**Q** 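Here it is, the structure, as C-alpha cells.
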Amino acid sequence: MKASFALTAIAALTAKVSAACFSERLGYPCCKGNTVVYTDNDGKWGVENNNWCGIGSTSGSSAACWSQALGYPCCSHKNVVYTDNDGDWGVENGDWCGIIKGGSGSGSGGGSAAIGEQYTINGNPFANVEFYINPYYVEEVDNAISQMSDSSLIAKAEKMKTYSNAIWLDNIKNMQSWLQPNLEGALSQQNSGGTPVLTVFVVYDLPGRDCHALASNGELLANDSDMERYKSEYIDVIEGHLKTYKSQPVVLVIEPDSLANMVTNIESTPACADSQNYYFDGHAYLLKKLGVFPNVALYLDIGHAFWLGWDDNREKAAKVYAKVIQSGAPAKVRGFVDNVANYTPWEDPTLSRGPDTEWNPCPDEKRYLEAMHKDFTSAGIQSVYFFSDTSRNGKKTDRKHPGEWCNQTGCGIGARPKASPISGMEYLDAFYWVKPIGESDGTSDTSAKRYDGYCGHETAMKPAPEAGQWFQKFFEEGLKNANPPL
Ligand code: BGC
C-alpha cells in the first residue's frame, strides 16, 4: 500500500495542490465514508468499490504539528514554499511538510514558541514537571477507538490519551519528523502553563541494531559508512535541536537492548560480534554529544530482570556500563532504564531464586534494580538512578518462559507514569511508559524479512504487524488487563 515515490519539489507542489486527502498523492482516491480498516504511517485507510481509499482528516493531532492530520510531517525549518488554507508548507526530503504555526517566533528554534533561559535539571528530572503527551499516540488511540464498540473498553481507551509515553526516534526520517516538532509542542505548553514540561525520547538507530533478534533490525548496518551516517545524520542533528531547545527538561533513553547484548550475546551471536565496535563507538560518540546539556538527562538501557539479573551477568554488566560511561566523559549519565518493552512484573512475590527462575536471584524488576544499584555503585559509577518501563507489566502474562518478549497474550498496562513512586527507593526516579502500548513488538508474518521466531511462539499474539505498527487486538488486551485498572 505504501507506494515508494520520490518527488522533486515541483512534482510535490503539483501533488499537494490537487490533493483533497493524503491518499491522493499515493495514487488512491479519498474515501466517501470514514470506516477505518487499516492504519499505517501514511494515515487511515478504508475500502470502497474494492479499492483502498484514504480517510483524509484525523483528530487528535498536536496543534503545533497541524500537517500530521493531513498525512504530512512537520518541517524542521521555516522556509515557506507555498501557503493554502491549511497553513504554510515547506519541502523536506522531497516531500511536503507543514511549518509550525503561531506566535511571532523567536526564530532561533525554527519554531514559534519563545525559548527562555537555560533549564537545569537538579536531581530527578521526572519530579516537579508535567509530562508531555505524544500527539501521535493520541491519534493512534483515537483511531483505535473508532474501531471499538464496547463502551467500557472505549472509556478505558479514552483515558490512555491523558498519559505520557516516550517518542521513539527509530530512524533518521522519524527523528526529523518527531524531534523538533515535539520539543516545540512541549515548549508551547510550558510557556502557556508555567510548569516545566518534560519530553522523553528514545534514541534508537545504532548500526547493526537489534543484533540478537530480527524484529527491530534498523536501517543502519554494522559498517563504517553507516556509522558515519549515524553520527552526522542522526546524533549531530539531535544534538543541534537539544542545543536550541534549552529551556525545557528532556530525558533520553539510550539505545534499548544494545549494551545488554554486549553483556550476554557477543560470543553466541555473530551479528552481535559484528556490531560490537559500532555499539561501543556509537555510545562514546552520543554520550559526548548529548550528555553535556544541563536540561537533558540520559539513561542507558539495562534490559530487564530475566536478562541481566543473574549474578555473573550483573557482574559483567557493571564493568561494561562503567567502561561505556567512562568513554563518554566528561558527559553525564543520570542512570539506567529497565524493562523497556518487556513484560516482567515490578514485584512478583511468588518467585524466588530456585529451579523455577533458573537460579536468577532477581526474579522481578524491583529486586533487579536493588541488586543493580549495589553493583553499579560498587563498580564506581557516580550517578546510579533508575526509571522503570511499566507500560505493559501490570499483570503476569501467559508466557511460559520469561524470555518471551514478543506481543504476549495476557499482558496488561502497568503502573502509571509517576516520579519517585516507591518510598524508601530514593534511587528510583520514576515509573514511566517507554513502549507505547498497542504498538507491535514484531511481525508474525513468517515470510517477512524481520520475522523473528519469538513472534510466532505460542504465547505471542497473532497476526501481528511489523514492530512499531499499530496492533489493535494487543492494545485491547492491555486495556482489559490493566493493573491498576484504568
Ligand atoms: C520498534 C520501533 C518502534 C518502537 C515503539 C520498537 O520495537 O522497533 O520501530 O518505534 O518499538 O513502538
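All of these numbers come straight from a predicted model, not from anything done at the bench.
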**Q** Is there side-chain contact between Phe293 and Val250, with heavy atoms separated by less than 4.5 Å?
**A**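 Phe293 does not reach Val250 side chain to side chain.
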
**Q** Between Tyr285 and Lys231, is there a cation-pi geometry (under 6.0 Å to ring centre, at most 45° from the normal)?
**A**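 Yes, Lys231 sits over the ring of Tyr285.
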
**Q** Checking Arg416 against Thr162 for the side-chain hydrogen bond (donor to acceptor under 3.5 Å, both in side chains) test, could you report, in this order, the C-alpha distance in whole Å, the side-chain angles of both residues, the deciding distance, and whether it holds?
**A** CA-CA 11 Å; Arg416 311 299 177 258; Thr162 65; over 6 Å; no

**Q** Any side chain to side chain donor-acceptor pair (under 3.5 Å) pairs touching residues 203-216, not counting sequence neighbours?
**A** His212-Thr269

**Q** Establish, from distance only, whether the side-chain atoms of Ser247 and Glu117 form a donor-acceptor pair under 3.5 Å.
**A**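 Checked: Ser247/Glu117 side chains show no N/O donor-acceptor pair below 3.5 Å.
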
**Q** Take Asn261 and Asp257, measure what side-chain hydrogen bond (donor to acceptor under 3.5 Å, both in side chains) needs, and give me the verdict at the end.
**A** CA-CA 6 Å; Asn261 271 316; Asp257 294 351; 5.3 Å; no

**Q** Is it true that Asp445 and Thr443 share a donor-acceptor pair across their side chains at a distance under 3.5 Å?
**A** no

**Q** Can any side-chain N or O of Asp389 pair as donor or acceptor with the backbone N or O of Val434 at less than 3.5 Å?
**A** yes

**Q** Taking side chain to side chain contact (heavy atoms under 4.5 Å, CB included) as the definition, give me every residue that meets it alongside Leu214, ordered by chain and number, with sequence neighbours left out.
**A** Asn217, Asp452

**Q** Step by step, would you call Lys400 with Glu458 a salt bridge (Lys or Arg N to Asp or Glu O under 4.0 Å)?
**A** CA-CA 9 Å; Lys400 299 193 173 70; Glu458 193 189 335; 3.2 Å; yes

**Q** For Lys246 and Tyr119, run side-chain contact (heavy atoms from CB on, under 4.5 Å): C-alpha distance rounded to whole Å, both residues' side-chain angles, the deciding distance at 0.1 Å, then the answer.
**A** CA-CA 6 Å; Lys246 63 183 169 87; Tyr119 182 92; over 6 Å; no

**Q** For Glu158, is there an ion pair with Lys161 - N to carboxylate O distance below 4.0 angstrom?
**A**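 Yes.
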
**Q** Within the structure provided, determine whether Val200 and Val253 are in side-chain contact (heavy-atom separation under 4.5 Å).
**A** yes

**Q** Would the distance check show the side chain of Arg399 and the main-chain N or O of Glu404 forming a donor-acceptor pair, the cut-off being under 3.5 Å?
**A**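 Such a contact is found between Arg399 side chain and Glu404 backbone.
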
**Q** Any pair with a residue in residues 464-476 that passes salt bridge (Lys or Arg N to Asp or Glu O under 4.0 Å), sequence neighbours left out, goes on the list, sorted by first then second residue, please.
**A**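 Checked against salt bridge (Lys or Arg N to Asp or Glu O under 4.0 Å) - neighbours excluded - the pairs reaching residues 464-476 are Arg450-Glu466.
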
**Q** For Ser164 versus Pro417, what's the shortest heavy-atom pair and its separation?
**A**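 Distance-wise, the nearest heavy atoms are O-CG, 3.7 Å.
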
**Q** Please determine whether a side-chain nitrogen of the Lys or Arg among Lys366 and Glu370 lies less than 4.0 Å from a carboxylate oxygen of the Asp or Glu.
**A**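 Salt bridge between Lys366 and Glu370, a charged N being under 4.0 Å from a carboxylate O: yes.
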
**Q** Report yes if some heavy atom in the side chain of Leu179 is under 4.5 Å from a heavy atom in the side chain of Ile167; otherwise report no.
**A**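 Side chain of Leu179 against side chain of Ile167, heavy atoms only: no contact under 4.5 Å found.
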
**Q** Please confirm whether the backbone N or O of Thr459 pairs with a side-chain atom of His457, one donor and one acceptor, at under 3.5 Å?
**A** no

**Q** Does the Asn360 side chain pair with the main chain of Ala305, one donor and one acceptor, at a distance under 3.5 Å?
**A**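 Yes.
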
**Q** Please walk me through it: do Ser388 and Glu365 pass side-chain hydrogen bond (donor to acceptor under 3.5 Å, both in side chains)?
**A** CA-CA 8 Å; Ser388 199; Glu365 293 304 310; 4.9 Å; no

**Q** Can you classify the ring geometry of Phe126 versus Tyr432 as parallel (below 30°), tilted (30 to 60°) or perpendicular (above 60°)?
**A**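 Phe126 vs Tyr432 ring planes: tilted.
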
**Q** Report yes if the side chains of Thr390 and Trp433 come closer than 4.5 Å at any heavy-atom pair, otherwise no.
**A** yes

**Q** Count the heavy atoms of every other residue, nucleotide or ligand shown that sit under 6.0 Å from CG of Asn128, and state whether that count exceeds 12.
**A** no

**Q** So which atom in Asn171 and which in Asn174 form the shortest heavy-atom distance, rounded to 0.1 Å?
**A** OD1-N, 2.7 Å

**Q** Assert yes or no for the condition that the ring centre distance of Tyr454 to Trp405 is strictly below 6.0 Å.
**A** yes

**Q** Of the options Phe376, Phe387, Tyr385, Tyr299, which is the one that meets Phe336 in a ring-ring contact (aromatic ring centres under 6.0 Å, His included)?
**A** Phe376

**Q** Return yes if a side-chain donor-acceptor contact under 3.5 Å exists between Glu439 and Gln469, otherwise no.
**A**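 Judged by distance alone, the side chains do not pair up.
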
**Q** Quick one, Trp168 with Phe201, criterion ring pair (Phe, Tyr, Trp, His ring centres under 6.0 Å). Give me CA distance, side-chain angles, the key distance, then yes/no.
**A** CA-CA 6 Å; Trp168 289 62; Phe201 293 100; over 10 Å; no

**Q** Is Pro249 close to Pro196 at the side-chain level, that is, under 4.5 Å between some pair of heavy atoms?
**A** yes

**Q** Search all heavy atoms of Ala215 against all heavy atoms of Cys455 and return the closest pair with its distance.
**A**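 Between these two residues, the closest heavy atoms are CB-SG, 4.5 Å.
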
**Q** Which heavy atom in Val197 sits nearest to a heavy atom in Ala186, and how many Å separate them?
**A** CB-O, 3.7 Å

**Q** Any luck finding a side-chain donor-acceptor pair between Ser420 and Asn124 under 3.5 Å?
**A** yes

**Q** Distance-only, no hydrogens or angles: does the Asn191 side chain make a donor-acceptor pair with backbone N or O of Ala114 under 3.5 Å?
**A**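 Yes; at least one donor-acceptor contact below 3.5 Å.
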
**Q** Among Asp441, Asn393, Asn407, Thr397, find the residue that satisfies the side chain to side chain donor-acceptor pair (under 3.5 Å) test when tested with Tyr343.
**A** Asp441

**Q** Decide, yes or no, whether a salt bridge links Lys289 with Glu239 under the criterion of side-chain N to carboxylate O below 4.0 Å.
**A**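 A salt bridge links Lys289 with Glu239.
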
**Q** Using the rule given for side-chain hydrogen bond (donor to acceptor under 3.5 Å, both in side chains), can you reason through Trp307 versus Thr264, listing the C-alpha separation, both sets of side-chain angles and the distance that settles it, and then say yes or no?
**A** CA-CA 8 Å; Trp307 189 345; Thr264 60; 2.9 Å; yes

**Q** Is any side-chain heavy atom of Leu287 closer than 4.5 Å to a side-chain heavy atom of Val324?
**A**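 Leu287 vs Val324: side chains touch.
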
**Q** So, applying side chain to side chain donor-acceptor pair (under 3.5 Å) with Asn182, which one of Tyr136, Tyr245, Tyr132 is it?
**A** Tyr132

**Q** Which heavy atom of Tyr368 sits nearest to which heavy atom of Leu308, and what is that distance?
**A**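 The pair with the smallest heavy-atom distance is OH-CB, 3.2 Å.
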
**Q** Can you name the closest pair of heavy atoms from Asn481 and Cys411 and give their distance?
**A**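 Taking every non-hydrogen atom into account, ND2-O, 3.0 Å.
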
**Q** Should Phe431 and Ile422 count as side-chain neighbours, where that means a heavy-atom distance under 4.5 Å?
**A**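 Yes, their side chains come closer than 4.5 Å.
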
**Q** Determine the interplanar angle of the Tyr137 and Phe475 rings, folded into 0 to 90°, and report it as parallel if under 30°, tilted if 30 to 60°, perpendicular if over 60°.
**A**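 Perpendicular.
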
**Q** Counting only heavy atoms not in Gln382, do more than 12 fall under 6.0 Å of its CD?
**A**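 Open: at most 12 neighbouring heavy atoms sit under 6.0 Å from CD of Gln382.
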
**Q** Start with the C-alpha distance between Leu290 and Lys243, add both sets of side-chain angles, then the distance that settles side-chain contact (heavy atoms from CB on, under 4.5 Å), and finish with yes or no.
**A** CA-CA 9 Å; Leu290 311 180; Lys243 191 181 250 166; over 6 Å; no

**Q** For side-chain contact (heavy atoms from CB on, under 4.5 Å), just list the numbers for Leu479 and Ile413, CA-CA rounded to whole Å, side-chain angles, deciding distance to a tenth of an Å, and then say yes or no.
**A** CA-CA 6 Å; Leu479 295 180; Ile413 290 161; 3.9 Å; yes

**Q** For Lys395, look at atom NZ and say whether over 12 heavy atoms of other residues, nucleotides or ligands are found less than 6.0 Å away.
**A** yes

**Q** Should we count CZ of Phe471 as having more than 12 external heavy atoms under 6.0 Å?
**A** yes

